[in-house]
Number of protein chains: 2
Amino acid sequence: METAQLSRKDQIDQTATALFRTRGFAATSMRELAAALGMEAGSIYSHIRSKEELLHRICFRLAEEFFAGFDQASADDALPAAPRLRRAVESHVRVLTTDVAASAVFLHEWRHLSEPARTEFLALRERYEAGFRELIAEGAAAGELYAPDPAFAALTLLASLNWLPSWYRPGGSFTPPDIAHRLANQLLFGLEVRGN
Amino acid sequence: METAQLSRKDQIDQTATALFRTRGFAATSMRELAAALGMEAGSIYSHIRSKEELLHRICFRLAEEFFAGFDQASADDALPAAPRLRRAVESHVRVLTTDVAASAVFLHEWRHLSEPARTEFLALRERYEAGFRELIAEGAAAGELYAPDPAFAALTLLASLNWLPSWYRPGGSFTPPDIAHRLANQLLFGLEVRGN
DNA sequence: CCTACCGATCGGTAGG
DNA sequence: CCTACCGATCGGTAGG
């Protein structure tokens with residue numbers, strides 16, 4: 001346990017993230033969470049208001065991290081679209097690997113958010129996808145990328161990346177930058193115009 | 001409702017699949033399922049033994065369908081590995097689009113299976129992935145495909161395909177064969193050796 | 001942070 | 001296939 005210097009609230013967030021990931025939000029009880037933290041179920045409520053607040057915080061924090069990474073990666077206007085897309089892919093992989101458990105929750109448990117949070121969340125995700133779509137469309141218009149349908153290409157690209165939390169294990173044979181590089185290569189070689 | 005000629009048990013399976021997909025297995029109650037079927041919760045148990053039996057049947061039925069499709073696609077020994085891989089990709093997409101709801105449950109809800117079913121299921125999935133891995137390795141060894149790490153390539157490939165149920169809607173602008181073709185192209189152009 | 005508890009809901013069964 | 005019910009567990013609160 002290296003959680004010694006975390007605040008109690010951060011400990012709760014972290015433990016909840018791990019449980020929501022492995023057992024799912026709905027199947028995780030507050031009593032289970034409490035037991036994992038070495039306390040009683042009722043005591044958790046002096047730190048949080050509801051179970052859903054935990055999920056809400058995880059989902060929206062990750063959304064912010066994905067956006068921050070993307071904005072930084074795609075901001076450089078001097079760069080062509082293809083290398084900016086590569087940087088955006090690497091940023092996405094960095095967020096995924098830095099916080100695998102939270103990413104898995106972000107990707108799979110958001111549907112347990114109640115309204116209006118759920119609709120807000122989906123709007124954020126759509127905006128994020130649109131960023132990739134536009135980058136790909138820009139690269140296609142400039143002849144840098146081969147993508148007859150940028151929307152389709154963006155979905156497939158993000159799909160390949162988002163499956164990562166389901167097999168990635170920290171400390172495995174691939175390091176995060178290694179994974180980012182390999183994924184970007186595998187995906188972009190399929191997008192780049194050949195022999196041009 | 002076109003479920004008129006389905007047996008009551010098939011109606012239960014079908015409705016359960018739809019609910020497990022949209023709300024998740026754990027968050028779906030038997031009373032909800034009963035209401036969707038126009039009956040009382042207790043009455044369902046004259047057709048099934050338990051809630052988990054429903055999940056079990058969905059997961060293992062889909063596993064069979066994926067295997068049957070793969071075996072047929074990859075069986076032709078006269079064909080090089082690359083076109084057999086393309087056929088396997090198309091088969092995978094066919095299963096996914098033919099039965100989107102069940103596929104989504106197969107992909108995301110299997111972890112709610114209790115032992116030993118859960119371990120059995122994971123073994124099946126691993127065997128399926130191995131099929132793709134070996135096809136890619138074979139193609140790489142023959143110089144047909146560019147895949148420095150077949151295991152990594154197989155994971156990325158299946159990832160791109162498996163995200164499909166999260167955005168595919170029957171009756172959208174893409175037909176299933178269209179999707180299969182585009183996905184195979186986008187993925188294989190990234191794998192094929194260029195200018196060879 | 002704990003004890004003790006609330007009303008609601010869960011999966012499942014008995015008996016008809 | 002329904003009515004009526006079982007014990008267990010749920011998220012959350014009051015009072016200290």
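By convention in this document, chain letters (A, B, ...) are assigned in the order of the sequence lines, proteins followed by strands, and residues within each chain are numbered from 1. These values consider heavy atoms only, across backbone and side chains, with no hydrogens, waters or symmetry-generated copies.
- Scanning for side-chain hydrogen bond (donor to acceptor under 3.5 Å, both in side chains) contacts around R31(B) gives an empty result, with sequence neighbours left out.
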Seminar exercise, completed: Protein heavy-atom contacts under 4.0 Å, written 5' to 3' over nucleotides 3-16 of chain C as B (base), S (sugar-phosphate only) or - (none), form the string B-B----BBBB---
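- Shown here for L183(A) and F152(B), the closest heavy-atom pair between the two residues is CG-CZ, 3.7 Å.
- Residues T156(B) and S160(A) bring no donor and acceptor atom of their side chains to less than 3.5 Å of each other.
- Of the N and O atoms on the side chains of S114(A) and E52(A), at least one donor lies less than 3.5 Å from an acceptor on the other residue.
- In this structure, L79(B) is not a member of the same hydrophobic cluster as V89(B), with clusters built from ILVMFWY side-chain heavy atoms closer than 4.5 Å.
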Exercise. Pairs counted as Watson-Crick or G-U wobble with both distances under 3.5 Å: what dot-bracket string results for DNA chain D, using | for bases tied to another strand?
Worked result: ||||||||||||||||
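- Within the 4.5 Å cutoff, the side chain of I48(A) has heavy atoms near those of the M30(A) side chain.
- Under the 4.0 Å criterion applied to side-chain N and carboxylate O atoms, E138(B) and R84(B) are assigned as salt-bridge partners.
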